[in-house]
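As the structure is a computational prediction, the values presented were derived from the model and not from experiment. Proteins come first, then strands; the chains are lettered A, B, ... in the order of their sequence lines, and each starts at number 1. Both backbone and side-chain heavy atoms feed into the values below; hydrogens, waters and symmetry mates do not.
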Amino acid sequence: MRIHNTLSGRKEKLQTLNENEVRIYVCGPTTYNLIHLGNARPLVVFDTLRRYLSYRGYRVIYVQNFTDVDDKIIARANEEGIDALQLSQHYIDEYFVDADRLGIMQADIHPRVSEHMNDIIDAVGKLIERGYAYEIDGDVYFRVRAFDGYGKLSKRSLDDMRAGARIAVDERKQDPLDFALWKKARASEPSWDSPWGAGRPGWHIECSVMSTKYLGETFDIHGGGADLIFPHHENEIAQAEAMTGKPFVNYWMHNGFITINQEKMSKSLGNFFVLRDILDKYPADVVRYYLIATHYRSPLDFDDGKLEEARRALARLKNSLQLAEEFIQGDEAEAAELDEQASAFLTEISSLEASFIEAMDDDLNTAMAIGHLFEMAHTLNSFLASAPRSEAGNRVAVFRALQTFRALGDVLGIFMKVDDEEKKAVEGLLDILLQLRSRARQQKNFALADEIRDILSEHEVRVEDGPEGSRARYEKEPDASELVELLLAIRGRFKAEKQYDQADWVRDRLMDQNVIIEDTREGVRWKFADA
RNA sequence: GGGCGGGUGGCGAAGUGGCUAACGCUGUGGUCUGCAAAAUCACCAUUCACCGGUUCAAAUCCGGUCCCGCCCUCCA
């Protein structure tokens with residue numbers, strides 16, 4: 001695999017320190033807020049990297065930190081009059097809610113600043129000892145000019161930076177670019193005891209300390225958003241390499257930004273979208289698809305239309321999945337001879353699988369990989385449309401193709417499945433509606449058939465009729481209660497028209513789905529039996 | 001001001017020296033369908049911001065011009 005390394009500015013072949021093992025550190029969120037879409041991009045990008053490396057046979061050791069001691073957290077906690085660490089804990093919990101919904105695998109270790117104070121204090125002490133840092137009245141600063149390679153990641157010289165510096169210079173610092181390793185405690189701030197008095201760590205030191213603690217003094221990949229290149233990652237390198245005298249990270253990966261109407265989305269500009277709100281409107285796999293349909297280093301513009309387009313595009317892939325599943329219907333285990341068409345079909349699938357891998361190997365080119373997935377869907381659909389499913393060989397071929405197709409979609413995390421109780425109830429209710437509609441169609445009662453389809457369409461459920469029956473498809477699960485109401489309304493009409501056998505049929509089917517119906521003088525009452 | 005990246009069809013987005021410029025969305029026509037939907041087949045950029053150069057060959061390399069985003073300050 002080749003990876004674009006920010007350090008060299010080039011794509012380089014991935015050569016891990018240990019064979020078949022990759023050690024990755026990704027900068028996680030500062031926990032003072034619900035995460036927004038901009039935070040979600042690196043989560044999904046590096047989760048995809050992780051899945052892909054696993055798929056390619058690597059053992060992946062993945063560490064993602066929480067910065068739970070920070071100016072913004074303290075400010076927010078003071079505003080709300082609560083303890084800073086308590087606020088952090090709250091948003092860490094909320095982080096996991098959102099990340100789980102997005103299908104982000106948990107890291108092997110999620111270290112927090114607050115739990116590594118001794119390690120951080122030791123590190124700061126060591127840096128002072130070695131002349132890379134100095135103390136002034138309870139503050140400790142890193143001495144930038146003592147570290148030779150300063151600026152190698154962000155490709156800037158110290159002189160350039162001094163010239164363009166917009167920061168208010170702290171006169172006590174030896175160099176304007178020296179940055180804080182330890183900050184002296186002020187009133188109403190959480191603090192920890194140290195050899196320099198009560199205080200707390202500066203922003204960058206935690207990542208140097210925690211990454212090397214869990215992954216070693218040198219590790220393979222460090223990732224994060226492009227805005228972290230300077231100063232955060234530049235400073236991480238300076239601290240870590242000053243401390244160990246060894247190269248800190250071999251491959252630096254940075255994702256591009258999400259913009260809103262061509263303007264950077266950020267908490268400070270106030271134009272950010274909270275991930276949770278987006279996940280309430282669109283399924284997680286659609287959001288993932290949107291985030292990786294563009295190469296990770298490119299900027300990505302966001303608006304509602306983008307998710308809608310992603311939804312439609314992904315629906316095409318998932319439709320192929322469903323068509324293929326229906327085609328094999330559990331007969332997959334059979335062994336059978338493949339005819340020429342089926343063999344050619346599988347050859348094509350293998351070749352597209354190879355193309356997918358080739359794309360992913362080229363700096364995680366998910367955009368191109370997805371392109372190959374669409375070609376695979378096309379190949380699959382064409383075969384399904386032309387090969388009779390009565391041939392066992394065809395079913396075997398589709399089964400194998402489906403396995404490949406699904407595996408690749410799972411690498412990207414775009415074939416997420418939700419099957420819980422709610423879904424079962426919905427499936428059952430939809431099935432009643434479909435049966436009702438089939439009966440109407442058989443009786444040439446197209447008015448009722450179309451009405452059912454139209455009403456379902458209002459609930460964003462599409463009805464499709466095929467030679468072997470109808471099916472309901474949806475990306476967003478409809479509300480079970482509304483479906484029950486719908487069925488009861490139809491039943492009410494049957495009753496009014498004195499079609500009691502039809503009305504009773506609906507009631508019986510609803511009972512099968514654990515819906516209890518009571519006809520009262522005031523009207524119909526119902527409830528789920530297990531609710 | 002300094003640094004980095006980018007401008008590809010109606011839209012989104014790959015491609016970085018040589019086959020018909022992927023793929024998706026949208027749109028158009030045919031098949032299928034009670035009608036639809038899905039699926040399927042076909043069509044939709046002689047052209048890659050602009051100008052000049054290198055080369056047998058450039059969207060891809062070089063020079064210039066215009067425009068856009070990001071970083072240099074907390075930020076994914």
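Using a 4.0 Å heavy-atom cutoff across all strands shown, A:His36 reaches at least one base atom of the nucleic acid. Residue A:Arg437 is classed as a base contact, given a heavy-atom separation below 4.0 Å to a base. Within the nucleic acid shown, A:Gly466 has no heavy atom closer than 4.0 Å to any nucleic acid atom. Residue contacts shown for A:Gly38 include a base, since a base heavy atom lies under 4.0 Å away. Among the heavy atoms of the strands lying under 4.0 Å from A:Asn381 are primed sugar atoms or P, OP1, OP2 only; no base atom is included. No contact: A:Val26 has no heavy atom under 4.0 Å from any strand. Heavy atoms of A:His378 sit under 4.0 angstrom from primed sugar atoms or phosphate atoms, though from no base atom. Within the 4.0 angstrom heavy-atom criterion, no nucleotide atom of any strand lies near A:Ala226. No engagement by A:Ser320 is indicated, since no non-hydrogen atom pair under 4.0 Å with the nucleic acid exists. Residue A:Asn365 is in sugar-phosphate contact alone, with no base atom involved, counting any heavy-atom pair closer than 4.0 Å across all strands shown. At the heavy-atom level, A:Phe230 lies under 4.0 Å from the strands shown only through sugar-phosphate atoms. Residue A:Leu43 is classed as having no contact, given no heavy-atom separation below 4.0 Å to the nucleic acid.
Donor-acceptor pairing under 3.5 Å, judged by distance alone, is present between the side chain of A:Asp465 and the base of B:rC35. Applying the 3.5 Å distance criterion, the base of B:rG12 shares no donor-acceptor pair with the side chain of A:Glu309. Under 3.5 Å, the side chain of A:Asp301 and the base of B:rG12 form no donor-acceptor pair of N or O atoms. In terms of polar N and O atoms assigned as donor or acceptor, the side chain of A:Arg441 comes within less than 3.5 Å of the base of B:rG34 in a complementary pairing. Applying the 3.5 Å distance criterion, the base of B:rA38 shares no donor-acceptor pair with the side chain of A:Arg462.
Residues A:Asp362 and A:Arg156 each lie close to RNA chain B; by heavy-atom proximity, the contact nearer the 5' end of the strand is made by A:Asp362. Residue order along RNA chain B, read from the 5' end via each residue's closest nucleotide, puts A:Tyr289 first among A:Tyr289 and A:Lys444.
Partner of A:Arg297 under the side chain to side chain donor-acceptor pair (under 3.5 Å) criterion, out of A:Asp363, A:Asn255, A:Thr6: A:Asp363 alone.
With a 3.5 Å ceiling on both atom-pair distances, the Watson-Crick or G-U wobble partner of B:rG69 is B:rC4. B:rA45: no Watson-Crick or G-U partner with both key distances under 3.5 Å is found in any strand. Across all strands shown, B:rC25 forms a Watson-Crick or G-U wobble pair, both distances under 3.5 Å, with B:rG10. In this structure, B:rG18 forms a base pair with B:rC56, meeting either the Watson-Crick or the G-U wobble geometry with both donor-acceptor distances under 3.5 Å. When both distances must be under 3.5 Å, the Watson-Crick or G-U wobble mate of B:rC35 does not exist.
The same atom, P, is picked in B:rG5 and in B:rA38; the two are 43 Å apart, to the nearest Å. Comparing the same atom, P, in B:rC50 and in B:rA59 gives a spacing of 11 Å after rounding to whole Å. For B:rG6 and B:rC19, the P atoms lie 22 Å apart once the distance is rounded to whole Å. Spacing between B:rG53 and B:rC48 at atom P, rounded to whole Å, works out to 16 Å.
Across B:rA38, B:rA76, B:rC23, the shortest atom-to-atom separation from the side chain of A:Glu375 is found for B:rC23. Here the side chain of A:Asp227 is nearest to one of B:rG69, B:rA76, B:rG24, namely B:rA76.
Contact check for A:Arg437 versus A:Asp465: side-chain heavy atoms found under the 4.5 Å cut-off. At a threshold of 4.5 Å between non-hydrogen side-chain atoms, the residues A:Leu228 and A:Glu236 do not count as touching. Side-chain contact check for A:Arg389 versus A:Val398: every heavy-atom pair is 4.5 Å or farther apart.
Considering only side-chain N and O atoms, A:Ser470 lies nowhere under 4.0 angstrom from the phosphate OP1 or OP2 of B:rA37. Residue A:Arg316 places at least one side-chain N or O under 4.0 Å from the OP1 or OP2 atom of B:rG24.
Applying the 6.0 Å contact sphere to CG of A:Asp148 captures no more than 12 heavy atoms from other residues, nucleotides or ligands.
Between the side chain of A:Ser154 and the backbone N or O of A:Ile229, no donor-acceptor pair lies under 3.5 Å.
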Item to check | From CA spacing to verdict: side-chain contact (heavy atoms from CB on, under 4.5 Å), A:Tyr296, A:Val44 | outcome: CA-CA 10 Å; A:Tyr296 77 92; A:Val44 170; over 6 Å; no
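Between the side-chain ring of A:Phe446 and the base of B:rG34, a stacking contact exists by the 5.5 Å and 30° definition.
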